[in-house]
Amino acid sequence: MRSAIANRTISLTVLVVAVAAAAGLAVWKHTVTLAASAPQPTPRAEPVNTVLRACPAPGLTGASAAQVALITGPASTGSGRALVTRVGVAARGAPLASLTRPGVLSVTAVRPAPAPANGKKRAPAHSATPSATPSPPVATVPVPGGTVIQATGAMARGLEAEQVSDGGRAAERCAGPGTDFWFAGPGVPTAPHIQVFLMNVSAQPADVTVQAFTDTGPLQGSADTGVAVTPHSMVTQSLDKMLHGARLVALQVRTSVGQVVAAVRETYSGHTGAWLPVSAAPSTRIVIPGMPAASGTRQLFLAVPGTSVAHITLNAITAKGSYRPTGGAGLDIPGGSVAQVSLSSLSGIYGALVVSSTVPVTASLMVPGGQHGAPGAFTAAAPAIQEQGMVAANVTGKSAASSLVLSAPWRGARVRLTEIGTDSGQGKAASGSVLVIRAHRSVMRQLLTPDGSRHGSAFAVVVTPLPGSGPVYAGRVITTGGRGGAVESILPVPSALTVVPLPPVQGTLVTRGG
């Protein structure tokens with residue numbers, strides 16, 4: 001009996017729902033078309049046609065002569081041009097170089113800019129000091145010098161540039177304009193002189209804020225901490241007084257209007273010092289590539305820009321596998337501060353360092369060495385190589401040696417290494433090889449001058465992950481005195497894109513009036 005009643009109840013319910021649905025369809029006077037689920041198309045890509053790069057050191061007044069090394073992707077075809085000019089004269093006057101051959105390494109000499117007429121310097125402007133305690137304002141001084149690279153067409157595809165010291169050693173990458181830059185390193189006790197360089201290579205004014213984090217917490221700023229950088233100009237700030245007493249420092253340079261190229265130099269004596277590499281944006285997992293095989297304690301600088309405590313673990317990716325180095329676990333760092341971790345157990349071990357955190361962090365690594373007046377040689381958190389990585393200026397001879405440290409932190413990887421000399425023809429690589437990197441391991445490859453090039457001349461290296469390869473992180477290391485010498489510079493290998501991927505168009509819900 002209960003079963004029969006239940007069946008009649010269900011039937012009545014179904015009848016009511018059917019009638020309601022029919023009535024609703026009769027009242028709704030719109031037709032609905034549901035797009036069929038189609039296979040997702042392959043993402044489209046457009047070729048890179050315009051690139052800007054800027055280097056702060058070449059052409060600085062009072063500095064020694066320097067060079068700019070430039071290379072584009074060896075597979076680039078078609079016409080294009082790359083103009084190398086001084087900052088401030090990009091739109092007028094003869095360029096330092098006009099380059100039209102894709103895939104050919106070029107090195108342009110840049111003499112120091114002349115001092116201002118009659119020896120007079122432009123009066124410095126002042127911005128409010130980003131500090132919670134009263135202190136003198138930070139002076140912003142316009143400085144002559146700096147070099148701009150404007151590339152179009154085939155000369156923009158896969159372009160990479162580096163500033164090279166008068167000794168022929170690559171000092172730092174020439175970066176592109178952006179709105180957010182991060183740097184981390186030792187503070188004033190180790191590097192008494194800390195300078196920020198801001199280059200505006202566009203026609204739009206830029207407004208910049210420099211936020212400092214230290215081992216004791218952030219240096220809070222007022223709302224009037226902006227630094228105005230006029231179009232086609234470079235300014236510098238000395239942070240020595242502002243950071244007085246700070247043992248460790250991390251700097252965030254960001255713009256509210258326009259874009260700039262930011263660079264930071266630390267010096268404890270002399271004039272050369274070290275250019276801190278730009279660190280990757282804060283994330284819960286970052287990779288620091290290019291740890292060299294040279295002996296000496298590695299100093300890790302960790303910046304936590306948020307307000308929450310960061311619980312951090314470290315993993316070293318070495319030739320023998322992945323493992324947690326001594327002192328790489330149980331690290332708790334307060335939010336808004338910078339911490340230093342000494343890793344003596346990694347002395348003489350090459351590879352990469354993976355930093356995992358419960359909150360976003362960024363970091364850099366210092367090893368003994370560096371150029372004259374530098375506190376050390378630096379590498380920093382960097383992304384994996386996309387499409388191809390490019391290193392513009394390498395040198396190997398009696399007095400120097402260049403090597404690549406490549407790491408596959410998770411899956412195995414296969415990459416093609418292509419070496420291009422200054423004597424190579426257009427797009428013609430002097431040598432190339434395929435390198436296999438096992439999962440959770442690192443390999444080191446000594447770089448040799450390509451066949452057919454003059455011994456000791458500069459050459460470029462292209463790192464191309466092959467199809468199916470896992471993520472690859474790489475750093476170029478230059479040592480003095482040949483193999484096994486002191487580390488002079490480390491450069492994370494950046495991606496040099498020839499195309500920009502475009503996202504596919506998704507299916508939509510379409511309505512039509514009835």
Side-chain angles (χ1 to χ4, degrees), residues 52-63 66 68 85-92 110 112-117 119-131 135-150 163 171-183 191 193-212 219 221-243 249 251-267 271 273 275-276 278:
L52 272 176
R53 293 286 187 268
C55 328
L60 271 178
T61 298
V68 173
T85 62
R86 294 183 185 274
V87 173
V89 293
R92 62 183 185 275
V110 184
K120 295 181 180 179
K121 296 183 179 180
R122 295 174 59 183
H126 295 279
S127 60
T129 304
S131 173
S135 58
V138 177
T140 301
V141 182
V143 288
T147 306
V148 180
I149 301 161
Q150 297 174 299
Q163 56 187 35
E172 178 55 16
R173 178 177 180 245
C174 300
T179 60
D180 198 12
F181 297 84
W182 285 90
F183 305 89
H193 306 296
I194 300 178
Q195 277 184 293
V196 176
F197 291 79
L198 304 172
M199 304 175 65
N200 183 356
V201 295
S202 73
Q204 179 185 8
D207 188 79
V208 184
T209 296
V210 179
Q211 174 68 59
L219 297 180
S222 68
D224 189 26
T225 58
V227 178
V229 187
T230 58
H232 305 295
S233 70
M234 179 168 68
V235 300
T236 183
Q237 285 187 322
S238 173
L239 305 185
D240 301 354
K241 293 181 179 179
M242 186 187 86
L243 298 174
V249 63
L251 299 174
Q252 182 189 17
V253 179
R254 64 184 187 274
T255 65
S256 56
V257 176
Q259 294 184 325
V260 296
V261 176
V264 174
R265 184 171 64 179
E266 291 196 346
T267 308
H271 300 286
W275 294 94
L276 294 184
V278 177

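The model shown is predicted, which means the values in this text are computed figures rather than measured ones. By convention here, the first residue in the shown sequence is residue 1.
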Item checked: side-chain contact (heavy atoms from CB on, under 4.5 Å) assessment of Trp275 paired with Gln163 -> CA-CA 11 Å; Trp275 294 94; Gln163 56 187 35; 3.5 Å; yes
Next item on the list: Could you walk me through whether Val208 and Val253 pass the side-chain contact (heavy atoms from CB on, under 4.5 Å) test, one step at a time?
Entry: CA-CA 7 Å; Val208 184; Val253 179; 3.5 Å; yes
Next item on the list: Quick one: do Glu266 and Val249 satisfy side-chain contact (heavy atoms from CB on, under 4.5 Å)? Show the steps, please.
Entry: CA-CA 11 Å; Glu266 291 196 346; Val249 63; 4.0 Å; yes
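Closest approach of Val87 and Gly145 over heavy atoms only: CB-O, 3.4 Å. Val261 and Phe181 make their closest contact through CA-CZ, 4.1 Å (heavy atoms, listed as atom of the first residue, atom of the second, distance). Gln259 and Pro177 make their closest contact through OE1-CB, 3.7 Å (heavy atoms, listed as atom of the first residue, atom of the second, distance). Closest heavy-atom contact between Thr179 and Gly258: CG2-O, 3.9 Å.
With sequence neighbours left out, Val264 forms a side chain to side chain contact (heavy atoms under 4.5 Å, CB included) with Phe183, Ile194, Val196, Leu251, Leu276. The side-chain hydrogen bond (donor to acceptor under 3.5 Å, both in side chains) test applied to Gln252 returns Asp180, Arg254, not counting sequence neighbours.
In this structure, NE2 on His193 lies 7.0 Å from OG1 on Thr267, to the nearest 0.5 angstrom.
Judged purely by atom type and a 3.5 angstrom limit, Thr147 has no side-chain atom pairing as donor or acceptor with the backbone of Arg86.
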Listing, residues 198-206 side-chain donor-acceptor contacts under 3.5 Å, not counting sequence neighbours, or none:
residue: Asn200; atom: OD1; partner: Ser202; partner atom: N; Å: 3.1
residue: Asn200; atom: OD1; partner: Ser202; partner atom: OG; Å: 3.0
residue: Asn200; atom: ND2; partner: Gln204; partner atom: O; Å: 2.8
residue: Asn200; atom: ND2; partner: Val229; partner atom: O; Å: 3.0
residue: Asn200; atom: ND2; partner: Thr230; partner atom: O; Å: 3.4
residue: Ser202; atom: OG; partner: Gln204; partner atom: N; Å: 3.3
residue: Ser202; atom: OG; partner: Gln204; partner atom: O; Å: 3.4

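Counting heavy atoms from C-beta on, the side chains of Leu52 and Val148 come closer than 4.5 Å. Between Asp207 and Val227, every side-chain heavy-atom pair lies at or beyond the 4.5 Å cut-off.
A donor and an acceptor atom, one from each side chain of Gln237 and Thr140, are located under 3.5 Å apart.
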